Amino acid sequence: FGYLIKTEWKGFYYPPTPLPSTAPSPAPSRMPSVSHSLSPSSSPTYVPSSIPTSNPTSHPSLAPTSTSPTDMPSASPSFVPSNTPVTIEIQGNPFDVSLRRMSTYMGTTSLARLSDALDEMTRDNMNALDPNVSVKFSSKLLSQSLGSTSLQVRMQRTALVTVPGVGEPGEYDKNRVPGQRDIEAAVILVLTSPYRKQTFIEKLQEPPLISQYRYLTDISFLGFVYLPTSMPTGMPIVPDIEVMENATTIDTISMESEVSDSEDSIVSLTWSLSQSGQDADGGWVVSEDGLHLRFNVEDSDLCYEGTNRNTQKGKAVTTIEVTEETKLAYVLGGEGESLDSGYEKLSLTIDRHLVASSTSRAIGVECSSNPVLVAYYEASPYILTPGTHVLVVDFSTADDFDHYGTYWTIDISFSGITTP
C-alpha cells in the first residue's frame with residue numbers, strides 16, 4: 001500500500017439472477033473511508049464514510065385492496081405492537097484526543113481497536129444503566145493530525161439506544177433513555193481518570209499487538225469541539241497543588257473588586273502567583289481588579305528572534321469565602337502554538353475539581369499562533385456554596401519549542417457575593 005492515495009466505496013455486486021423481493025442491505029460500517037491528500041503543505045485528511053449507519057426498514061403498504069368506499073377501513077390499523085422496542089439515535093459532540101508516542105497515522109485496524117475499547121469502557125462507566133435498555137455505539141473518525149511525538153485525533157460518536165415501547169407505536173419512556181449528558185460524562189471519565197486511562201491504554205495494547213500502539217504512553221482528552229449540552233455527573237479530582245522547581249514567587253497581588261451595586265457586595269481576591277522558565281518579562285499579568293489573568297509566553301529560541309530555551313510554567317492561587325450561594329463565571333481564551341496540541345495547556349480548578357481547560361490547536365505550522373481550544377467540564381457559571389473555596393489556575397508549555405506570540409487568558413466574574 002506504499003503508494004495508495006484513495007479508497008472509494010463502489011457498492012455490493014449482485015448477480016443478474018432474480019433478486020428477492022427485499023434485497024439485503026449492506027451492513028453498516030464502523031470504519032471511515034480514507035482520502036489522503038499528497039499535498040506536502042497539509043496533513044492527510046480522513047473523511048468519514050458516507051455509508052449509512054442504519055439500514056432502511058421495509059414497511060407494509062397501507063393502501064387498501066379495493067377502491068370501493070365500503071372496503072376502506074374506518075381507521076388505519078396498528079402495525080406495530082405497543083411493546084415493540086424503540087431505537088433512538090443520540091448524536092454526540094466531536095471531541096479531540098491526543099495520543100502520545102505515536103509516529104504514524106491510524107489505519108482501519110488501529111481505529112477499530114480504539115473504537116471498540118472506547119465503546120466498552122463508555123458503557124461500563126455509564127451510571128445505573130437500565131438492564132432493559134441497550135446501547136450500541138458507532139464511532140466516526142473526522143480527522144488526524146500527526147505531530148513530532150503525538151497524534152491528535154478528532155472523533156464523533158453516535159449512540160443507538162433501544163428501549164421497550166409503551167402505549168402507541170413509537171412511544172417510549174424518555175426517563176429510561178440516557179441522554180447526551182450521560183454519554184459525554186462517561187467519555188470524559190474514561191479519558192481523564194488516571195486509572196481508567198491506563199486501563200484504556202492496556203486495552204489498546206492487548207494481543208495481537210497493533211504496531212501503532214506499541215509505544216503509546218499517554219492519552220490526553222483535549223475537550224469537545226462544542227460545549228457539552230450539560231455538565232458531567234462526576235468530575236475528575238485534581239491532585240494536590242504541585243510545587244514547581246526553581247519557581248519565582250511574585251509579590252502577592254491583592255485586589256478588591258465591586259461585583260454589584262450593594263456596598264456590602266465586595267470581594268477581596270488575593271492571588272498568590274508563581275512562575276518559572278522566564279528569561280525576560282514573560283509570565284503573569286493581572287488586571288481589571290484581579291478578574292483578568294494573562295500568562296505571556298516568551299518566544300522560543302527556535303522561532304525567529306526568540307531567545308527562551310526553557311519550559312515555561314505558572315500557577316495562580318486564590319482563596320475566597322462567601323456567605324451565600326454565589327455564581328462564578330469564567331471564560332478561557334488566548335493564542336497557543338500551531339504545531340501540536342496537548343503540550344501547552346491552561347487549567348482552572350475549583351476546590352480541586354477541574355472545571356475548564358484550554359490547549360493549543362494542532363495545524364502543523366511551526367512558530368505561529370492560533371486561538372486555543374477550550375473545554376468546559378462544568379457549565380459556567382459555577383455555583384459556589386457558602387464557605388471557603390480555592391481557585392487554582394495552572395499553566396505549562398510542557399517543552400521549550402514552537403512558542404511564538406502566544407498568551408493564555410482567563411476572565412472571572414461574580415454575582416451575588418456577600419463577604420463575611
Side-chain angles (χ1 to χ4, degrees), residues 37 39-45 96-103 105 143-154 218 220-223 225 244-248 250 273-288 292-316 330-348 356-375 393-411:
S37 171
S39 171
S41 62
S42 61
S43 300
T45 300
D96 291 334
V97 175
S98 177
L99 304 162
R100 182 66 66 92
R101 300 298 176 219
M102 286 187 63
S103 57
Y105 290 99
S143 66
Q144 300 187 73
S145 177
L146 187 62
S148 56
T149 59
S150 65
L151 176 68
Q152 181 175 327
V153 177
R154 175 165 294 179
D218 189 33
S220 298
F221 176 68
L222 305 179
V225 178
M244 294 186 297
E245 296 181 1
N246 303 320
T248 300
I250 306 173
L273 306 176
S274 59
Q275 62 189 47
S276 65
Q278 288 72 35
D279 291 336
D281 56 355
W284 290 113
V285 176
V286 182
S287 60
E288 297 181 15
H292 176 80
L293 279 73
R294 172 174 170 143
F295 191 94
N296 292 322
V297 180
E298 296 177 2
D299 293 342
S300 168
D301 70 320
L302 299 176
C303 299
Y304 307 110
E305 298 180 356
T307 59
N308 194 301
R309 299 182 178 182
N310 307 313
T311 297
Q312 302 174 54
K313 298 181 179 181
K315 187 180 295 291
Y330 39 85
V331 177
L332 278 60
E335 298 272 332
E337 70 168 66
S338 300
L339 180 63
D340 283 322
S341 190
Y343 288 82
E344 295 181 353
K345 185 179 294 185
L346 182 143
S347 64
L348 169 64
S357 68
S358 55
T359 189
S360 51
R361 187 184 302 268
I363 62 174
V365 180
E366 295 185 349
C367 298
S368 65
S369 60
N370 259 285
V372 298
L373 295 169
V374 180
V393 181
D394 205 348
F395 173 76
S396 176
T397 61
D399 57 26
D400 60 341
F401 52 88
D402 285 308
H403 322 306
Y404 187 76
T406 62
Y407 63 93
W408 300 72
T409 64
I410 179 169
D411 289 278

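Count residues from 1 along the sequence. Computed from a prediction, not measured in an experiment: that's the story for all the values here.
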Q | Between S220 and S98, a side-chain donor and acceptor under 3.5 Å | A |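 On atom types as modelled, these side chains do not qualify, holding no pair under 3.5 Å.
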
Q) Does any donor atom in the side chain of D279 or N310 lie under 3.5 Å from an acceptor atom in the other side chain? A)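 Yes, a side-chain donor-acceptor pair sits under 3.5 Å.
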
Q) Which residues satisfy the ring pair (Phe, Tyr, Trp, His ring centres under 6.0 Å) test with Y407, sequence neighbours excluded? A)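 In terms of ring pair (Phe, Tyr, Trp, His ring centres under 6.0 Å), with neighbours along the sequence ignored, Y407 is linked to no residue.
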
Q. With sequence neighbours left out, what residues match Y343 under ring pair (Phe, Tyr, Trp, His ring centres under 6.0 Å)?
A.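 Per chain and number, Y343 pairs via ring pair (Phe, Tyr, Trp, His ring centres under 6.0 Å) with no residue.
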
Looking only at non-hydrogen atoms, find the nearest pair between [X] and [Y] and report the distance.
X: L373; Y: R154; result: CD2-NH2, 4.4 Å
X: Q278; Y: K313; result: NE2-O, 3.8 Å
X: S338; Y: S369; result: OG-C, 3.3 Å
X: A316; Y: L273; result: CB-CD2, 3.4 Å
X: N308; Y: G277; result: ND2-O, 2.9 Å
X: S341; Y: A362; result: N-CB, 3.6 Å

Q. Can you list every pair that meets side chain to side chain donor-acceptor pair (under 3.5 Å) and has a residue in residues 395-405, with sequence neighbours left out?
A.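 Found E344-H403.
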
Verify, without hydrogens or angle tests, whether [X] (side chain) and [Y] (backbone) share a donor-acceptor contact under 3.5 angstrom.
X: T359; Y: G342; value: yes
X: E335; Y: G405; value: no
X: Q275; Y: G282; value: yes

To the nearest 0.5 Å, how far apart are [atom1] in [X] and [atom2] in [Y]?
X: S274; Y: K315; atom1: OG; atom2: NZ; answer: 6.5 Å
X: I410; Y: Y330; atom1: CD1; atom2: OH; answer: 9.0 Å
X: N370; Y: E337; atom1: CG; atom2: CD; answer: 10.5 Å
X: S300; Y: E366; atom1: OG; atom2: CD; answer: 9.5 Å
X: D299; Y: T406; atom1: CG; atom2: OG1; answer: 7.0 Å
X: L346; Y: D394; atom1: CG; atom2: CG; answer: 7.5 Å

Q) Could you walk me through whether T307 and E298 pass the side-chain contact (heavy atoms from CB on, under 4.5 Å) check? A) CA-CA 8 Å; T307 59; E298 296 177 2; 5.6 Å; no

[Y] and [X], any side-chain heavy atoms less than 4.5 Å apart:
X: R101; Y: D218; value: no
X: Q152; Y: D340; value: no
X: D281; Y: N296; value: no

Q: Quick one: do V372 and L332 satisfy side-chain contact (heavy atoms from CB on, under 4.5 Å)? Show the steps, please.
A: CA-CA 9 Å; V372 298; L332 278 60; 5.9 Å; no

**Q.** Aromatic plane relationship, F295 with W284 - under 30° parallel, 30 to 60° tilted, over 60° perpendicular
**A.**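 The rings of W284 and F295 stand perpendicular, inter-plane angle above 60°.
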
